[in-house]
Engineer: 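Dumping the structure here so I can ask a few things about it.
Only heavy atoms go into these numbers, but all of them, side chains included; no hydrogens, no water, no symmetry mates.
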Amino acid sequence: MAILSSRRSSAAISVAAVAGLAAAGVGFAVGGASAGTVSGSLYRDPSSAVVRWVAANPGDSRAAVIRDKIASQPQARWYANFNPSTIQSEVSGFVGAANAAQQIPVLSVYEITNRDCGGASAGGAPDLNQYQTWVSNFARGLGNQTVLIILETDSLALQTCLSTGELNARNQALTTATQTIKSANPNAKVYLDGGHSTWNSANDTANRLRAAGVQYADGFFTNVSNFNPTSSEANFGRAVISALNGMGISGKRQVIDTSRNGGAAGDWCADDNTDRRIGQYPTTNTGDANIDAYLWVKPPGEADGCRYTAGSFQPDLAFSLANGAPNPPTTAPPTTNPPTTAPPTTAPPTTAPPTTAPPTTPPPTGNGCSASVAINQWNGGFTASVNVTAGSAAINGWTVTVALPGGAAITGTWNAQASGTSGTVRFTNVGYNGQVGAGQTTNFGFQGTGTGQGATATCAA
């Protein structure tokens, strides 16, 4: 599964960003001339892919720029795996760490059935009934403090693959998901998909939002993964809000993904462009009563799926975005503000594979590595989480061979490169997770069709 590769429209296309710095304190402020309805410091995920890459590559010539201008900033954590049995605990751990730090977490839900219309980010829940089960479990982990929810990127702006019946069912599913989240945590701020300013018209976008239940949400998000200037997105957002007001739906606000809109526009895919730059740093202090936050929903440095696997962290992309960009505001809250409740030590990357505990079997006693695979099976498909553990010496590069049961086929991979799709499949590390310290563990995963139960994994370094 390759998430975060949204790329729709006749011009440029994509999906938006979530995260931010801001004033101190968590809570709501009355909308005024200086901001929307959210105030507080946004939570910086200490286990994001970029943070882990910086920690693992201190001698890399790009590390200081990436550390100071990207890893220092709050970004959204994506939840994109169909893992109904573990999603509540994953969300609870992430939100609990943010609550302990008195900061606002940003969570991007990316699980809708027929996600991405079968494109590079295909996947999602097997059907909408199971989607609602997953959402219910997700909502139970949200606690009762302020959280920002980016609900289903592309789900409204991209509808070309849906029949009328499927579209009606999706709209109802999004309405129910919004109500479920708000019921579980009344302080949750939920935003629906508004596409971006060079995709659908403002009136069309407003009609799609209304059909999907924006009246129950707090507003909409735009520009996820895209490069449109903030000013263009703000103008587009005002037009959407005006159209909603004309429909009798008032009080809705916008969040804008500014993770990479500080440079040129043009082709949607950042993998093949070097003229991009990070945009405005994340904040809830927007100075615009219509805009609740500027967020980094699409984590800078994660690929779109052209040259690299969608959602994988690529340091050359991150460096290209950050090099030459202004430094973060000096008023930013500390980036080393450890929560009193530790977050998961092997938190999923932004492609959001399920977090799994390290294997209970001890690491190998000699050089080399071992591998263990955990399967999350559902009717017709599965996800797999694979732990790679170094022996008594550090390793620099690894290869894991997975033997799949007959009839199983891999449809997507994260944090590794796959060779083959069925039978015996060979996985090799990507650039940022090849080095594993002695006795330490890294993780990758894959999604497939058929039955994954019985898969076995071996490792060589």
Side-chain angles (χ1 to χ4, degrees), residues 1 46-49 51-58 81 83 85-86 89-90 93 309 311-313 342-377 381-448 450-461:
M1 170 171 45
S47 300
S48 66
V51 169
R52 289 184 284 118
W53 182 87
V54 167
N57 297 274
N81 286 325
N83 51 348
S85 63
T86 61
S89 61
E90 291 178 23
T309 301
S312 64
F313 177 77
T345 56
T346 54
T350 57
T351 46
T355 48
T356 55
T360 55
T361 55
T365 56
N367 295 339
C369 57
S370 63
S372 63
V373 57
I375 300 295
N376 178 35
Q377 183 72 47
F382 65 93
T383 56
S385 179
V386 183
N387 282 340
V388 179
T389 303
S392 57
I395 59 176
N396 184 14
W398 47 263
T399 298
V400 171
T401 301
V402 175
L404 295 171
I410 292 175
T411 58
T413 304
W414 55 88
N415 288 349
Q417 296 288 342
S419 177
T421 58
S422 61
T424 300
V425 182
R426 189 166 165 267
F427 298 88
T428 55
N429 62 275
V430 290
Y432 60 84
N433 64 358
Q435 295 181 336
V436 185
Q440 299 299 303
T441 297
T442 190
N443 177 274
F444 72 91
F446 56 90
Q447 181 170 342
T451 299
Q453 298 291 353
T456 59
T458 58
C459 183

Engineer: Can you say whether the rings of F427 and F446 are parallel (under 30°), tilted (30 to 60°) or perpendicular (over 60°)?
Structural biologist: parallel
Engineer: Mind listing the closest non-hydrogen atom pair of A390 and G437 along with its distance?
Structural biologist: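 Nearest pair, atom of A390 first, then G437: CB-O, 3.2 Å.
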Engineer: Looking at every heavy atom in both F444 and V388, which two are closest together, and how far apart are they?
Structural biologist: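 Smallest interatomic distance, heavy atoms only, reads CE2-CG2, 3.9 Å.
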Engineer: Write down the atom of A438, the atom of S392, and the distance for their closest heavy-atom approach.
Structural biologist: CB-O, 3.5 Å
Engineer: Rounded to the nearest 0.5 Å, what separation is found between the CZ atom of R426 and the OG1 atom of T401?
Structural biologist: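 The CZ atom of R426 sits 7.0 Å away from the OG1 atom of T401.
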Engineer: Under the side chain to side chain contact (heavy atoms under 4.5 Å, CB included) test against V400, which residue among T428, V386, N387, T458 passes?
Structural biologist: V386
Engineer: Do T389 and T441 pair up side chain to side chain, a donor and an acceptor below 3.5 Å, judged on atom types alone?
Structural biologist: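 Note: T389 and T441 side chains meet the donor-acceptor criterion.
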Engineer: Which pair of heavy atoms, one from I410 and one from L404, lies closest together, and at what distance?
Structural biologist: CG1-CD1, 3.8 Å
Engineer: Taking all heavy atoms of A418 and all of V425, pick out the closest pair and write down the distance.
Structural biologist: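 Here A418 and V425 meet closest at CB-CG1, 4.4 Å.
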Engineer: Quick check for you: to the nearest 0.5 Å, what is the distance between S85 atom OG and E90 atom CD?
Structural biologist: 8.5 Å
Engineer: Heavy atoms only: give me the nearest V51-P46 pair and the separation to one decimal.
Structural biologist: CG1-O, 3.2 Å
Engineer: Do the rings of F313 and W53 sit parallel, tilted or perpendicular, given the 30° and 60° boundaries?
Structural biologist: tilted
